[in-house]
Amino acid sequence: MTEMRPMDPCPVDQLTVEAPAKINLHLEVLGLRADGFHELAMVMQSLDLADRLAITPRGDGAIVLNCGVSSLPTDGGNLVVRAAELLRQQAGRPELGATIQLEKRIPIGAGLAGGSSDGAAALLGLNRLWGLQLDTASLLQLAAQLGSDVPFTLSGGTQLCFGRGERLEPVALSPAGPRALGPEGPGELAVLLIKDPVASVSTPWAYGRCRELRGDFYLERESEFEQRRRSLRDGPLLAALQGQRALPPLRNDLQSVVEPEQESVRAGLELLRSAIDPLAVAMSGSGPSLFALFAGLERAEAAREQLQAALTAGGFEAWCCRCSHQGARITATVQAP
Ligand code: C5P
């Protein structure tokens with residue numbers, strides 16, 4: 001896991017936390033667990049597309065979330081509020097309060113873990129703001145209680161994620177981060193991300209539909225799960241990210257569930273495949289956001305330019321992103337006098 005900075009005990013009057021989006025470079029549904037969740041084998045990658053949380057303390061014990069997006073809940077239906085409540089309950093300090101201003105940049109309901117990342121950022125920021133000094137392992141445990149993607153979004157970077165998604169294993173990479181071997185040699189792995197702003201996919205629906213379609217075709221034994229995890233650790237995708245070979249086709253088992261149901265996913269995948277030299281094209285998470293990978297940001301930007309007219313005609317929003325080596329991160333603090 002990416003090493004997070006040790007907790008700084010100094011009280012602060014205000015802080016800002018960045019909450020990066022993620023994409024799935026691999027999402028394999030292995031089996032159904034006794035707790036009703038699916039056993040997964042994934043490779044997740046943080047992006048430099050991030051939400052921002054500005055947090056200030058309050059003396060009245062209220063947790064107040066403000067956000068300019070009317071479709072987002074600002075009560076206990078938002079992971080930011082749930083994270084704050086869980087953290088102060090865990091610390092035995094129910095009197096703690098905060099005002100949190102959430103600036104959304106990550107598309108909502110898109111399979112990019114925006115909500116999970118906001119929850120992770122709230123855990124990290126409030127732990128510092130309230131001077132609780134919970135260590136990284138304790139924060140990761142709380143993160144897993146909030147949602148399957150929250151632990152990854154807390155620590156971020158490039159990681160293998162097993163179990164429900166909360167069992168993290170860092171991928172050993174060069175200091176330059178994940179690599180991509182393009183037609184003109186190696187470069188940094190860069191992403192052209194697209195989303196139809198009016199489309200959204202419910203994650204529980206996607207997993208439920210996966211279950212209907214798979215029927216009994218799930219692995220059952222831990223030894224079978226472990227064999228799949230080993231193939232992923234030793235397989236071509238990680239070797240490619242380490243710069244040793246070209247990217248293989250990407251696998252997302254939820255793509256075959258969502259694609260037949262969502263016209264915009266089919267159209268978007270076709271569009272991305274028509275770009276010049278995409279190294280791979282896939283859906284992220286349970287969708288409907290889609291991405292193409294390139295060797296270098298310039299190529300991702302050139303592809304966006306090449307596709308711009310078709311993207312606009314198809315109603316897609318587009319972002320060119322670099323990979324990020326970290327998850328939720330405190331970016332600014334104002335010290336208490
Ligand atoms: O953990 P999280 O709240 O993000 O999960 C949302 C839903 O996605 C779950 O309620 C479940 O239906 C489905 N899910 C699953 N297996 C996973 C992760 C999520 O079935 N490993």
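Note that the structure is predicted; figures quoted are calculated from it, not measured. Just so you know, ligand 1 is whichever comes first in the structure, and atom 1 is the first atom listed for that ligand.
- For the pair Arg164 and Phe37, the cation-pi criterion (under 6.0 Å, within 45° of the ring axis) is fulfilled.
- Here Glu226 pairs with Arg229 in a salt bridge; the nearest charged N to carboxylate O distance falls below 4.0 Å.
- Take Thr331 and apply the side chain to side chain donor-acceptor pair (under 3.5 Å) test, not counting sequence neighbours, and it matches no residue.
- Taking the salt bridge (charged side-chain N to carboxylate O under 4.0 Å, His left out) definition, one finds that Asp196 meets it with nothing, sequence neighbours left out.
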Output side-chain donor-acceptor pairs under 3.5 Å for residues 106-114, partner residues at least two apart or in another chain, one line each.
none

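- Sorted by chain and number, the heavy-atom contacts of ligand 1 below 4.0 Å come from Phe37, His38, Leu40, Gly147, Ser148, Arg164, Thr203, Pro204, Tyr207.
- Distance check, rounded to the nearest 0.5 Å: OG of Ser324 to CG of Asp48 gives 7.0 Å.
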